[in-house]
Amino acid sequence: MKKLLGMIFGLVLIFSISPISTSAKETTGNDYPLVFVHGLGGWGPGEMLGVNYWGGFFDLDQYMDGKGYNMIPATVSPFSSNWDRAAELYAYLKGGTVDYGAAHAKEHGHSRYGKTYENGAYPNWDETNKIHLIGHSMGGNTIRTMTDLLLDGSASEMAHHQEHPEEGISPLFTGGKYWIHSVTTLGTPNSGTTYADEENQMTELLKSLVIHLATLSGKITNPDLIVYDLKFEQWGIKRNPGEGFRSYLNRVMDSNIWESQDISLFDLTTRGAQYNNTWIDTHDEVYYFSHSSQTTYRSLLTGHHLPNALTIPIFYQPSIYIGKYTRKTAPVINKDWLPNDGIVNTISSLYPIGHKHQAYNGGVTTPKKGVWNYYPTMMNYDHMDYMGINPVSYGTSYDIRNFYTKLANSLKSLPK
């Protein structure tokens with residue numbers, strides 16, 4: 001009997017340290033690619049004469065790939081609506097021609113089709129080969145929109161297809177696609193930014209921001225030489241041969257497309273975000289994470305929030321505006337909205353107001369699907385720090401490489 005018990009104990013011990021146990025351990029986590037989506041005014045690889053949206057003065061994509069992470073920096077229109085950007089992102093990843101939807105295009109008065117991507121950045125993307133979506137600023141709204149369309153589809157597009165089957169329908173709008181493992185937003189105006197509620201000041205900021213970002217590294221000294229495509233093919237707006245960039249940018253900003261609700265500035269308003277949050281769901285099948293930041297302090301004299309020294313100077317005016325703006329009409333804006341990261345209200349970047357959420361610290365708390373797991377607000381980090389483009393932050397403890405390495409490890413540790 002003792003010999004039998006000894007044999008059993010030995011077998012248990014062998015199996016407990018055998019490759020079978022190691023193999024089980026290796027199957028935990030996932031190896032899904034990390035898709036990065038830029039925000040308002042952003043750009044993709046190869047634009048801005050080598051100035052990187054992700055990394056600023058160094059190439060974050062190259063760095064992450066060198067560390068063994070599959071990072072895919074996506075390219076979408078810098079100023080289009082989240083719906084249009086979602087359609088562009090889908091085609092960019094999967095391949096094919098951008099289809100904004102027959103019903104959608106008819107409703108908003110622009111072309112149904114856009115750019116064609118002969119080879120998608122991740123053509124094998126499907127329910128087995130899922131992805132992690134990471135969006136900075138408005139990029140977070142864009143990935144939320146695409147995730148919802150993949151899962152729920154579009155009732156208006158499917159209804160139009162039933163009436164006009166000969167016109168076809170993009171797979172993006174038919175629903176039932178469980179292709180997204182996680183959504184991570186970085187400084188995203190999930191409930192809008194109060195600065196966008198004043199349209200005129202926002203358009204002027206956008207013009208100066210684009211030129212400022214392009215010339216920041218010193219590689220571009222003449223703004224008219226900026227290599228930057230606003231990607232408004234659906235609106236029939238293109239840069240003319242030999243046209244200077246400032247002329248092109250002013251022509252776009254002065255056009256009547258900004259009167260449409262199918263544009264970024266509407267989506268970024270608190271009222272536009274409130275409407276979008278009624279149909280863009282937080283889905284039970286997806287992990288949601290958010291990172292927020294703040295570079296303001298409360299004035300003891302007025303109670304308003306003011307930008308601190310680590311806020312990039314171009315955001316001083318927006319930060320001051322946000323830091324004192326309140327409103328009694330819906331959606332009500334109270335003092336909780338005053339802290340900001342220079343351009344986005346901190347409260348808005350935590351989670352979409354009205355959606356399920358829980359505080360998350362990346363360690364003790366267990367992340368949940370179908371719930372916004374929001375990290376503690378990063379103090380003294382402004383909106384540009386996620387890009388690595390804020391020069392006033394250099395020399396501080398902030399390290400964009402460390403931030404994204406931790407983020408990647410956290411996402412890849414999620415169970416399949």
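Excluded from the calculations below are hydrogen atoms, water molecules and symmetry mates; all remaining heavy atoms, backbone and side chain alike, are included.
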Side chain of [X], backbone of [Y]: donor and acceptor closer than 3.5 Å?
X	Y	value
S247	G244	no
S348	N190	yes
W54	P73	no
N409	T405	yes
T295	D382	no

Partner set under ring pair (Phe, Tyr, Trp, His ring centres under 6.0 Å) for [X], not counting sequence neighbours:
X	value
Y117	Y92
Y287	H181
W337	none
H161	none

- Message: I'd like to check S255 versus I237 (side-chain heavy atoms, cut-off strictly below 4.5 Å). Are they in contact?
- Response: yes
Look at the aromatic rings of [X] and [Y] and report parallel, tilted or perpendicular, splitting at 30° and 60°.
X	Y	answer
F403	Y386	perpendicular
H357	Y374	tilted
H291	Y375	parallel

For [X] and [Y], work out which heavy atoms get closest and say how close.
X	Y	result
K130	P33	O-CD, 3.4 Å
P78	G42	CB-O, 3.4 Å
L306	S299	CD1-CB, 4.1 Å
G96	A91	O-CB, 4.0 Å

If I take atom [atom1] from residue [X] and atom [atom2] from residue [Y], how far apart are they, to the nearest 0.5 angstrom?
X	Y	atom1	atom2	answer
I134	T184	CD1	OG1	5.5 Å
I131	I180	CD1	CD1	4.0 Å
S292	M378	OG	CE	7.5 Å
H160	Q162	NE2	CD	11.5 Å
L407	L34	CG	CG	7.5 Å
L40	S264	CG	OG	5.0 Å

Name all pairs fulfilling the salt bridge (charged side-chain N to carboxylate O under 4.0 Å, His left out) condition that reach into [range], sequence neighbours left out, sorted by first residue then second.
range	result
residues 36-58	E47-K231
residues 246-265	D224-R246, E243-R251
residues 340-360	D284-K356
residues 90-115	D99-R112

- Message: Exactly one of T185, N277, N82, T188 should register a side chain to side chain donor-acceptor pair (under 3.5 Å) with R144. Which one does?
- Response: N277
Between side-chain atoms of residues 313-325 and protein atoms elsewhere (two or more places apart, or another chain), which donor-acceptor pairs fall under 3.5 Å?
residue, atom, partner, partner atom, Å
Q317, OE1, Y195, OH, 2.6
S319, OG, N340, OD1, 2.9
Y325, OH, R327, NH1, 2.9

- Query: Applying the ring pair (Phe, Tyr, Trp, His ring centres under 6.0 Å) test to Y288, which of Y351, W372, Y360 qualifies?
  - Reply: W372
- Message: Tell me if the centroids of the rings in F173 and W83 come within less than 6.0 Å of each other.
- Response: yes
- Query: Could you walk me through whether N276 and N141 pass the side-chain contact (heavy atoms from CB on, under 4.5 Å) check?
  - Reply: CA-CA 9 Å; N276 288 332; N141 301 119; over 6 Å; no
Is there a donor-acceptor contact under 3.5 Å linking the side chains of [X] and [Y]?
X	Y	value
N30	H132	yes
Q261	S81	no
Y53	H136	yes
T270	D197	yes
N380	N308	yes
T282	H355	yes

- Query: ring-ring contact (aromatic ring centres under 6.0 Å, His included): which pairs involve residues 240-261, sequence neighbours left out?
  - Reply: Y228-F245
Donor-acceptor pairs under 3.5 angstrom involving side-chain atoms of residues 147-159: please list them, not counting sequence neighbours.
residue, atom, partner, partner atom, Å
T147, OG1, I143, O, 2.7
D148, OD1, D281, N, 3.0
D148, OD1, H283, NE2, 2.9
S154, OG, S156, OG, 3.1
S154, OG, E157, N, 3.2
E157, OE1, A102, N, 3.0
E157, OE1, A103, N, 3.2
E157, OE2, A103, N, 3.2
E157, OE2, H104, N, 2.7

- Partner set under side-chain contact (heavy atoms from CB on, under 4.5 Å) for T128, not counting sequence neighbours: D126
- Query: What's the verdict on ring-ring contact (aromatic ring centres under 6.0 Å, His included) for H110 and W235, showing C-alpha distance, side-chain angles and the deciding distance?
  - Reply: CA-CA 5 Å; H110 63 63; W235 297 101; 4.9 Å; yes
- Message: Could you walk me through whether L60 and M71 satisfy the side-chain contact (heavy atoms from CB on, under 4.5 Å) test, starting with their C-alpha distance in whole Å, then the side-chain angles of each, then the deciding distance to 0.1 Å, before giving a yes or no?
- Response: CA-CA 9 Å; L60 180 65; M71 173 178 171; 4.1 Å; yes
- Query: Stepwise, does the side chain to side chain donor-acceptor pair (under 3.5 Å) test hold for S80 with Q234?
  - Reply: CA-CA 10 Å; S80 287; Q234 72 272 39; 3.2 Å; yes
- Message: Do R85 and F79 form a cation-pi contact, if we require the NZ or CZ to be under 6.0 Å from the six-membered ring centre and within 45 degrees of the ring's axis?
- Response: no
- ring-ring contact (aromatic ring centres under 6.0 Å, His included) assessment of Y113 paired with Y100: CA-CA 6 Å; Y113 297 106; Y100 298 105; 8.6 Å; no
- Task: Return yes when atom NZ of K368 has more than 12 non-hydrogen atoms of other residues, nucleotides or ligands closer than 6.0 Å, and no otherwise.
- Result: no
- Assess whether atom CD of Q201 is packed by more than 12 heavy atoms of other residues, nucleotides or ligands within 6.0 Å. yes
